[in-house]
Participant: 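Dropping a structure here in structure tokens format, bear with me for questions.
Here is the naming used below: chain letters follow the sequence lines, and residue numbers restart at 1 for every chain.
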Amino acid sequence: MKYKRYLITAALPYANGPVHIGHLAGCYLPADIYSRYQRAQKRDIKFICGSDEHGVPITIRAMKEGITPQDVVDKYNKVIKDSFADMGISFDIFSRTSNQVHHDTSQAFFLKLYNDGLFEERESEQYYDEEKDIFLADRYIVGTCPNCSNPNAYGDQCEKCGSTLSPEQLINPRSALSNAPLVKKLTKHWYFPLNKYEPWLKEWITEGKKDEWKPNVYGQCKSWLDSGLQPRAMTRDSLWGVPVPLPNANGKVLYVWFDAPIGYISATKELTANWSDYWCGEDTKLVHFIGKDNIVFHCIIFPAMLKAHGGFVLPDNVPANEFLNIEGEKVSTSRNWAVWIDEYLKDFPDQQDALRYVLCANAPESKDNDFTWKDFQDRVNNELAAVLGNFVNRAFVLMHKLCGGRMPQFHAVAANEADRNLALEMKAAKERVEAAIEGYKFREGLAEVIDLARKGNKYLQDNAPWSLAKTPELQAANQARIDNCIHLCLQLTANLAILINPFLPFTAKKMCYMMKVVDRMLEWENAGKSDLLKTNYPLRAPEILFRKIEDAEVAAQVEKLHNNLAMAISASLNITTTTTPETPAPAADPALAAVADQKATITYEDFAKIDLRVGTIVKAEKVAKADKLLKLELDMGTEIRTVVSGIALDFTPDEIIGKQVTVVANLAPRKMKGIESNGMILMAQNKDGRLIFASPLETADNGAEVK
RNA sequence: GGCGAGGUAGCUCAGUUGGUUAGAGCACAGGAUUCAUAACCCUGAGGUCGGGAGUUCAAAUCUCCUCCUCGCUACCA
């Protein structure tokens, strides 16, 4: 074997909310299957995870709920940890980045790079809150979104319209902490020179991993590498996080994406004193399981950090999955469009393996996939229960009916071709499942196991022991054939338990109980064998492995999703309308922007400042290298004005020429793509995002004032 | 706009050193059976492989163009 040890990590879930089925399908379930398989192979593995507890969103959530960041992470660390444990995700450790060992480890890592002179120190101007005496990260800055006028857009993103922002773009930027207006002040940060590692990364990835990594992962990396890497700040101004271990670095913490992957190392340290065997030995196979949103950090930044530090193994593979949609729509935590694990476990007690089955069988391994409750029902009822569950049940029931409740012996003299073939199928299935799991093709591996059960059903059907036992006389004459058939079906059941164990551990355990065997039988080397169960040994009565999912349950879950969505929308409306200036509005979904937008009362004088006028579009053309922009010329009665407007997604130049529009005529000029825009056209935006001209109903004079 | 991934049967997916009538599971239809969770087993129907052009004796597979979905990124306000 090439590797002595396996170090398997699953992305550190962010401790500001519970986990949903998308997390499970994308990362934790494949990681668990892989880990359980490796353990069954008796390989030396450590399966590492923990919650990521730093970063700005946690501090913001703490502010909103009026609690400390530590309260937030304590709460969700527990929720997340419990969900994983209940679903059978078998981490060797589920740690957390707020632990002391993690602070020590990440600080030591940073200091090593610092002492090697790797960091570039750079000063830049950042917004500063003089009231709270603190520099503000982009996320802490709120202001009016220049795009949708959401008064509570963040400095990095407007969560109403989804646009990416920089703090400089916000209108009237203010502090999310104190609501105070902001000043600019110099601040110092430490930049990791990613660009210096670009040649090495190119060689390591584009030459070394081309055929090894999944196409989506490799392609994404290559895209990043081809576009050129820039130095990246590895520190932030914040009070929540791992303090930068340097003098005169008060109020500075490690960037959450610097410290989070080091969390894998800290957690391993916490787990075992021999942690360096796993992290520093060349004979360790390091595999990062992540979702596609983490590719750049795990494939580019973290490896570069490890390389810069020296002495660490690099990931052998990063099998990132894509995203799982729900009922045709993207998961949205703010709209509560998600299937939460803790709620699933309440609604479907003792049905962990049903969910594990569906999420693996339909895992987004090569592209985004859709989870529907109908599909959940179909797969559980028609594949899991009908093929696997039913086969095991048939074998046990027949054994009790035709073989006295004991494992019958195998009569070699009565063996036929079908018997020999079935034994061969067991061996072949082992090889196929093994190859699939080693190659991170978990859905294929799972399908192979079900297929083996299907072959069992066919074998049973072809041999029909119940027909051989129609009358006592007939049964006596055919007992040797009956014994062989049941014997093999039960040996096949034992094989199925071994092969299904990494995927459906709860089921494997139930099967072991029924077969009265100890867990050791599940060791992988036993797969493919036809002598796992001892002849003449009494076995237990069968229990139903998978119950059917009823239509009513499917309907209830779909309804629950839509109810959650409706509640999220109305909650968003309530909170937004009652928001005081001291508390920023909660994250709102772009789809809600149209209904959730409420602004503070203004006086007539405020309104009178706006010069609204009617104009007619006399010329329109698309702006080059911009998706949304049209360059318009407007007849304002006394002048022709140029206005650049972001409406190209909804209108072609031809169809709007001659249209009369309402224009904000005294808006400060602004350059876009090199064209100076003198004003803004008023548009209404529907819930679906479509724009509609807010124009006079009848033709007005060009230049007419609107008031 | 740039880059990346994907677009194959109603659904979920296999299928590249280009090669006979393009595969599987589910769903659907018919049959057989009754040991079993109204399950299983057999048979069948169902696809111009997103669209177009090209290379070739031969293209799902290679080249170019184009459309759609998702992601990253830019631009936007």
Participant: Check the distance between B/G4's P and A/K222's NZ and give it to me in whole angstrom.
Facilitator: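 In whole Å, B/G4 P lies 7 Å from A/K222 NZ.
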
Participant: Let me know the distance between CG of A/N381 and P of B/A39, rounded to the nearest Å.
Facilitator: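 That distance rounds to 8 Å.
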
Participant: Is any side-chain nitrogen or oxygen of A/K374 closer than 4.0 Å to OP1 or OP2 of B/C11?
Facilitator: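 No, because none of the side-chain N or O atoms of A/K374 sits under 4.0 Å from OP1 or OP2 of B/C11.
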
Participant: What is the distance from CD of A/E327 to P of B/C11, rounded to the nearest Å?
Facilitator: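 Rounded to the whole Å, the gap is 15 Å.
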
Participant: Within a radius of less than 6.0 Å around NZ of A/K209, do more than 12 heavy atoms belonging to other residues, nucleotides or ligands occur?
Facilitator: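 Yes, NZ of A/K209 has more than 12 neighbouring heavy atoms, counting only those of other groups under 6.0 Å.
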
Participant: A/Q377 versus A/D551: any side-chain heavy-atom pair under 4.5 Å?
Facilitator: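 The answer is yes; the side chains approach within 4.5 Å.
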
Participant: Heavy-atom distance under 4.5 Å between the side chains of A/M514 and A/E543, does that happen here?
Facilitator: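 Yes, side chains in contact.
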
Participant: Produce the list of close N/O pairs, under 3.5 Å, pairing protein atoms with atoms of nucleotides 69-71 of chain B; give distances to one decimal.
Facilitator:
residue, atom, partner, partner atom, Å
B/C70, O2', A/K292, NZ, 3.0
B/C70, O2', A/D368, OD2, 2.6
B/G71, OP1, A/K330, NZ, 2.3

Participant: Round to the nearest Å and state the distance from A/L632 atom CG to B/C76 atom P.
Facilitator: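 Distance, rounded to whole Å: 16 Å.
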
Participant: Considering only the P atoms, how many Å lie between B/A45 and B/A24, rounded to the nearest integer?
Facilitator: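 To the nearest whole Å, 12 Å.
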
Participant: From CG of A/D293 over to P of B/U73, roughly how many Å is that when rounded to an integer?
Facilitator: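 Taking CG of A/D293 and P of B/U73, I get 11 Å after rounding.
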
Participant: At under 4.0 Å between heavy atoms, what does A/L545 touch on the DNA or RNA strands: base, sugar-phosphate, or nothing?
Facilitator: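 Base contact.
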
Participant: Return the value, rounded to whole Å, for the distance between atom CD of A/E448 and atom C1' of B/A14.
Facilitator: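 Computing the A/E448:CD to B/A14:C1' distance gives 11 Å.
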
Participant: Base, sugar-phosphate alone, or nothing: which one does A/S366 contact when heavy atoms must sit under 4.0 Å apart?
Facilitator: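 Sugar-phosphate: the residue A/S366, judged by heavy atoms under 4.0 Å, touches backbone atoms but no base.
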
Participant: Give me the residues of residues 389-402 of chain A where at least one heavy atom lies under 4.0 Å from an atom of RNA chain B, by number, or none.
Facilitator: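 Result for residues 389-402 of chain A: A/G389, A/N390, A/N393, A/R394, A/V397, A/L398, A/K401, sorted by number.
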
Participant: Could you state the CG-C1' distance from A/D375 to B/U12, rounded to the nearest angstrom?
Facilitator: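 About 7 Å, once rounded to whole Å.
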
Participant: Are A/K292 and A/D368 close enough for a salt bridge, meaning some N to O gap below 4.0 Å?
Facilitator: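 Between A/D368 and A/K292 there is a salt bridge, with a charged N closer than 4.0 Å to a carboxylate O.
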
Participant: Should we count CG of A/D226 as having more than 12 external heavy atoms under 6.0 Å?
Facilitator: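 Yes.
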
Participant: Given atom CG of A/N457 and atom P of B/A36, what is their separation to the nearest angstrom?
Facilitator: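 Value for this atom pair: 14 Å.
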
Participant: On the ring face of A/Y357, is A/R379 found with NZ or CZ under 6.0 Å from the centre and within 45° of the axis?
Facilitator: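 Not satisfied by the 6.0 Å and 45° rule.
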
Participant: Using a heavy-atom cut-off of 4.0 Å across all strands, would you classify A/A385 as base, sugar-phosphate, or nothing?
Facilitator: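 Counting heavy atoms under 4.0 Å across all strands, the contact made by A/A385 includes a base.
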
Participant: Where do N or O atoms of nucleotides 23-33 of chain B meet protein N or O atoms at under 3.5 Å, pair by pair?
Facilitator:
residue, atom, partner, partner atom, Å
B/G25, O3', A/R454, NH2, 3.1
B/C26, O3', A/N382, ND2, 3.3
B/A27, OP1, A/N382, OD1, 3.2
B/A27, OP1, A/N382, ND2, 2.8

Participant: In this structure, are over 12 heavy atoms from other groups packed under 6.0 Å from A/K202 atom NZ?
Facilitator: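 Yes.
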
